[in-house]
Amino acid sequence: MDKDDNNNGDSQEESLFEAPPIGEQERMVEAMLFASDAPVSVADLSARMPHGSDPAEALAHLRKRYDGRGVRLVRVGDAWAIRTAPDLGFLMQKETVEVRKLSRAAVETLAIIAYHQPVTRAEIEEIRGVSVSRGTVDLLIEQEWIRFGRRRMTPGRPVTFVVTQEFLDHFGLESARDLPGLKELRAAGLLESRPPPGKFPGLSGGDDDEIDEGQSELFGD
Amino acid sequence: MDKDDNNNGDSQEESLFEAPPIGEQERMVEAMLFASDAPVSVADLSARMPHGSDPAEALAHLRKRYDGRGVRLVRVGDAWAIRTAPDLGFLMQKETVEVRKLSRAAVETLAIIAYHQPVTRAEIEEIRGVSVSRGTVDLLIEQEWIRFGRRRMTPGRPVTFVVTQEFLDHFGLESARDLPGLKELRAAGLLESRPPPGKFPGLSGGDDDEIDEGQSELFGD
Amino acid sequence: MADNDIENDEFQTDALSVSDRMAAEALIIDVDGYEGPLDLLLTLSRTQKVDLRKISVLDLAVQYLGFIEKARHLRIELAADYLVMAAWLAFLKSRLLLPPEPGEEGPSGEELAAHLAFQLERLAGMRDAAARLMARDQKGRDFFVRGIPEDITRRRRVSYSATLIDLMQGYARIRTKDEFRPFVMDRNSIMTLDEALERLRGLIGYAGTWTDLTSYLPDGWQTDPSRRRSATAANFVATLELAKAGALEIRQSETFAPIQIRKVSDG
């Protein structure tokens, strides 16, 4: 394509700034369409490419190159975008996961289970100071972050909760023992105020696990 | 559904569902990686592809195909992602988000964690010769560049820090083994932990059994 | 700082010229710019212009001590760790210069020097590594992710997201709250200043004549030792407050004698 058609630049400029080869222009268009958060118009492409480039031709090449591939070049109004091939839509549906923020009650319940496992529902309630709703526990089980542990050998033989491998994977932990303790949370700046010295009120019914000793002991070997 | 097939697949099923040709698998991998802005693990790809597929081989083909193009296939830990070619960054000013300027302390702390991981806070302090401020660790965790690793099996069981997949992705590293200059540093013995002869003043850290006490003193308030 | 006179003497004998002083200050004034003594040592070591592995730790110790000395001349406050390092380097210097005393314990001067050299080289190595790391192509600056991640429509599963930070903060929130609990419960044997003040303000109107302070302790606070202690202290501080406000007078006939209070008469 003749550069004069595109630009009004005088001949001197043309000789100084030669347009990149079309293969290079194709790379540029590919990268811009990939990274852009909205379809990009030919004018936009042109404005960002070196002087004398011809995005329309580069687009034509790129479109041909993607022909029959897993993604393709599609036109959206007067702009262009890269989209996955429609016949592969079934692969995307697997990823069909709606992400919701976990409620504060659920986060706290989960944290207590992680730090104090195995822990009974009554113990969770004692620590949080409010009752644990059935929905919260169900949700965490459904999410496969907690599961039932062994029954406690105390009157009533209450079930306990423990965290799962899925939980560890999700939170990037190698084991529940690697959860940082209060001191470390504070050191990392995640805990604002320094509480007055004093023992953590013991959980009722704790048999072998002595929670009073604090976090580091809890997960000690 | 595909997942179920994988899990329950017995020999009968295998003969019924033949894996798609490798060219088709390549398209699938291409589509899935294009669709996602985060790296996708081989296991994830495999779970979403039809029974008998070999995403690793498809990835190898695809990587070759994108060689020299405007986008490229990069490896991030045990996952894969498509990223624009770094030489085309100049086209992308519009997409550039202002990256928070890291303090010298934060940069050095990050480097020490990357090169010495898993590393305890006391070890970082020993190397830098000054205490690590809470804000620094906080910032790096928030940035998702570091996370808590395993506890060290030494007295006090201090937590360690390691770098994340997001760190690798951000700095375009396939794995922590590809850190620049790692080999030279190791060859020079600079990544070994070498206990000081006798007591060494001024620099925090030192011997491990002091870590726990030291932390609460240093970072208490 | 204690020996000002000695310093003044030194000042007169080897008085620095103004330009010398300026130069010294330029080096030292920036002491806040160093991240601790090790950083300063690394900077000083650069002036030796040799490979860090061949550095002379003895020279470095002398340089560092000279630096500290200059700072003292210029009356610059140095953080404690700089002074600790100076003391240690003075010790190291003597170990390096003098033959070891027979039967002396501990590591040799050479071992200590070798470790310091190792630390400096390691710190320099990590600085260099950090610079190389930051010089790499970075996501969002040099290369980019997919701008339009495919909008994936949900089919059956709802995934709840929470980060480790959420989890840890949640836990910290509960733990912090609970650790306050015993403190709150303790308060039934503690009388606060506010309580005592409020009560005394009401009672003071009746204290026209000198009255023993202890007679103001409320019922139920006079027998149990810890409650009595708390109530006495609170009442005493409250009387001081009221005296300061001009509402009452306090007197005590001799040391350890009963403290008496009386309302200030309007007249």
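Labels below follow one simple rule: chain letters A, B, ... track the order of the sequence lines, proteins then strands, and each chain is numbered from 1.
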Chain B contacts, top residue of C/Glu121, C/Glu111, C/Arg127 (heavy-atom pairs, under 4.5 Å): C/Arg127
Cationic tip of B/Arg121 above B/Phe161 ring, under 6.0 Å, 45° of axis: no
Residue among C/Leu133, C/Leu123, C/Leu42 with most heavy-atom pairs under 4.5 Å to chain B: C/Leu133
B/Glu30/B/Arg27 ion pair, N-O < 4.0 Å: no
Heavy-atom pair count under 4.5 Å with chain C, highest-scoring of B/Arg83, B/Arg72, B/Glu184, B/His116: B/Arg83
Which atoms of B/Ala81 approach chain C - backbone, side chain, both or neither, heavy atom under 4.5 Å: neither
Lys/Arg-Asp/Glu bridge criterion (N-O < 4.0 Å) met for C/Arg95, C/Glu110: no
Chain C contact via B/Ile112 - which portion, at a heavy-atom distance below 4.5 Å: both
Plane angle bin for B/Trp145 and B/Phe167 - parallel if under 30°, tilted between 30 and 60°, otherwise perpendicular: perpendicular
Atom CD of B/Glu144: over 12 foreign heavy atoms under 6.0 Å: no
Engaged part of C/Asp128 at the chain B interface, taking heavy atoms whose separation is under 4.5 Å: neither
Contacting moiety of C/Arg132, where chain B heavy atoms sit under 4.5 Å: both
Max heavy-atom pair count under 4.5 Å with chain C, selected residue of B/Ala111, B/Ala188, B/Pro180, B/Gly189: B/Pro180
Engaged part of B/Leu179 at the chain C interface, taking heavy atoms whose separation is under 4.5 Å: side chain
4.5 Å side-chain heavy-atom contact, C/Ser94 and C/Leu97: no
Sidechain N-carboxylate O distance under 4.0 Å for B/Glu192, B/Arg186: no
